[in-house]
Number of protein chains: 2
Amino acid sequence: MAYRKTPAEVRRLEAAREHLIACATSVVAEVGWSQASVTAVADAAGIAAGSVYQHFPSKAALAVEVFRRAAGREVEVLGEVLAAPGDPVDRLGRGIRVFARRALENRGLAHALLAAPAEPAVGAERLDFRRRYRALFAAVVREGIAEGALPEQDGEITAAALTGAVGEVLVDPLGSPGGPTTEALLDELTALALRCAGAP
Amino acid sequence: MAYRKTPAEVRRLEAAREHLIACATSVVAEVGWSQASVTAVADAAGIAAGSVYQHFPSKAALAVEVFRRAAGREVEVLGEVLAAPGDPVDRLGRGIRVFARRALENRGLAHALLAAPAEPAVGAERLDFRRRYRALFAAVVREGIAEGALPEQDGEITAAALTGAVGEVLVDPLGSPGGPTTEALLDELTALALRCAGAP
DNA sequence: GGAAAGTCTGAATGGTGGTTCACTCCTTCC
DNA sequence: GGAAGGAGTGAACCACCATTCAGACTTTCC
């Protein structure tokens, strides 16, 4: 064996991979999955198209990685807010607010995660993502019911509705033009979500 | 001029076009937009691929027509229910029920209209479709507010949320397997929607 | 320094699917 | 009946991308 990867070399490769993922994420957030060709992504990362295949076996694999990273961050943040100690209804409101604020702050990415047309592999990932969101919301709703703060209801359905409602409000051009300010939109959305769950 | 279209001929062409649209709609409902190739649609209609271009200038034009027809029917039905005379809150509940029931009865089509990946032209049509749905719901919500039956709120946002909520609950695999019955799901969804709008 | 073993490149390859077009078949009208 | 012109056909065409691969360039290790 005349070649063993030196730690520096390993780090360099790792960094290149991360850089590629980061650039791909930007491209996707800007132009959507369908326009994010291998060439476009490679160009953005400053490498040749062929080099993408040093890091990922296929375009789909890269896309899935991009999705997982971004979605994972979101789920994690939401999970922390919802799992904090305190009144379930308060936490639900704060969770909605965080979910919505983050989406509004990075609309492109939010759109990519929630709605933008994508290849099947990413679509499957997205289902999982929504399911995880749903599970988080459902848990808090159930807690609220147990405490008597929320009326009897199917937590799963309410959770799905919350995800859908926030997604719909955000994805469509409601928040951009002459519409309400971000803060007003967040207030309205939070109030709506609490009504939706049946909070007084 | 040695050829003027006879009425019978015109009717025959019209029928062929309608037949093509109907078959295309079925194909789309069954396999989604992305799998509905020109060849697949033509096969379903029993004509050659090239013949599609006798009726439509491009695949996108056919897709848009298919979408418009189906979406138009839905908007019309919902519009009738929501515009009926009577208590706004009642009408809202009935509207949600109709929206949801129709979607559950033809899941494939509902999925195609609401969520399935599609080419940009169809995507644009879909935005319009959702906007029309929103406008219908928003009008009823505003009526409810004016009558004092619903609390103060931004009708547009509530309407968007209702659309998103119903869509999310329906599109994802919530209603198919061991989940609740259709009727139970409809009840739950209606209750949720009314809570969402702030009905007592 | 130089051989071995990578990494990187980007033009060529291949598959997919919408669109075209030369041709056949059918309807109209004299 | 037959000329004129539209409708229908389906194989060929073409554009678009993901993917590959032979060669150029780099790094490792003796």
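This one's a predicted model, so the numbers in the text were calculated from it and none came from an experiment.
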Could you state the [atom1]-[atom2] distance from [X] to [N], rounded to the nearest angstrom?
{"X": "E119(A)", "N": "dT16(C)", "atom1": "CD", "atom2": "C1'", "result": "15 Å"}
{"X": "L13(B)", "N": "dT28(C)", "atom1": "CG", "atom2": "C1'", "result": "14 Å"}
{"X": "D43(A)", "N": "dG10(C)", "atom1": "CG", "atom2": "P", "result": "10 Å"}

Checklist line | Inter- and intrachain pairs under side chain to side chain donor-acceptor pair (under 3.5 Å), touching residues 55-73 of chain B, at least two apart | finding: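 Those involving residues 55-73 of chain B are E18(B)-R69(B), E65(B)-R69(B), R68(B)-E125(B).
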
Check: Applying side chain to side chain donor-acceptor pair (under 3.5 Å), which residue pairs with at least one partner in residues 92-106 of chain B are found, sequence neighbours left out?
Finding: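 For residues 92-106 of chain B: E74(B)-R102(B), R97(B)-D187(B), R101(B)-E183(B).
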
Margin query: Among residues 47-69 of chain B, which ones have heavy-atom contacts with DNA chain C below 4.0 Å?
Written below: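 Heavy-atom cutoff 4.0 Å gives G50(B), Y53(B), S58(B), K59(B).
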
Note to self: So if I take residues 32-40 of chain B and measure heavy-atom distances to DNA chain C, which residues fall below 4.0 Å?
What the structure shows: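 Those residues whose heavy atoms fall under 4.0 Å from DNA chain C, taken from residues 32-40 of chain B in numerical order, are S37(B), V38(B).
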
Check: Can you get from L192(A) to L78(A) by hopping between Ile, Leu, Val, Met, Phe, Trp and Tyr side chains that sit under 4.5 Å apart?
Finding: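 Same hydrophobic cluster.
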
Next item on the list: Not counting sequence neighbours, which residues clear ring pair (Phe, Tyr, Trp, His ring centres under 6.0 Å) with Y53(A)? List them please.
Entry: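 Testing Y53(A) for ring pair (Phe, Tyr, Trp, His ring centres under 6.0 Å), a comparison that skips the adjacent residues, returns none.
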
Using atom names, set out every protein N or O paired with an N or O of nucleotides 12-15 of chain D below 3.5 Å, distance rounded to 0.1 Å.
none

Check: Taking only N and O in the side chain of R12(B), is any of them less than 4.0 Å away from OP1 or OP2 of dG6(D)?
Finding: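 For dG6(D), neither OP1 nor OP2 has a side-chain N or O of R12(B) closer than 4.0 Å.
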
Sub-3.5 Å donor-acceptor pair from the side chain of [X] to the main-chain atoms of [Y], do we have one?
{"X": "R130(B)", "Y": "L114(B)", "answer": "yes"}
{"X": "R91(A)", "Y": "L82(A)", "answer": "yes"}
{"X": "E188(A)", "Y": "D154(B)", "answer": "yes"}
{"X": "W33(A)", "Y": "E119(A)", "answer": "no"}

Next item on the list: Could you verify whether a donor N or O on one side chain and an acceptor N or O on the other, from R195(A) and Q153(B), lie under 3.5 Å apart?
Entry: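 A pair is found: one side chain offers a donor N or O, the other an acceptor, under 3.5 Å apart.
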
Check: If you look at every heavy atom in A29(B) and L109(B), which pair is closest and at what distance?
Finding: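 For A29(B) versus L109(B), the nearest heavy atoms are CB-N, 3.8 Å.
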
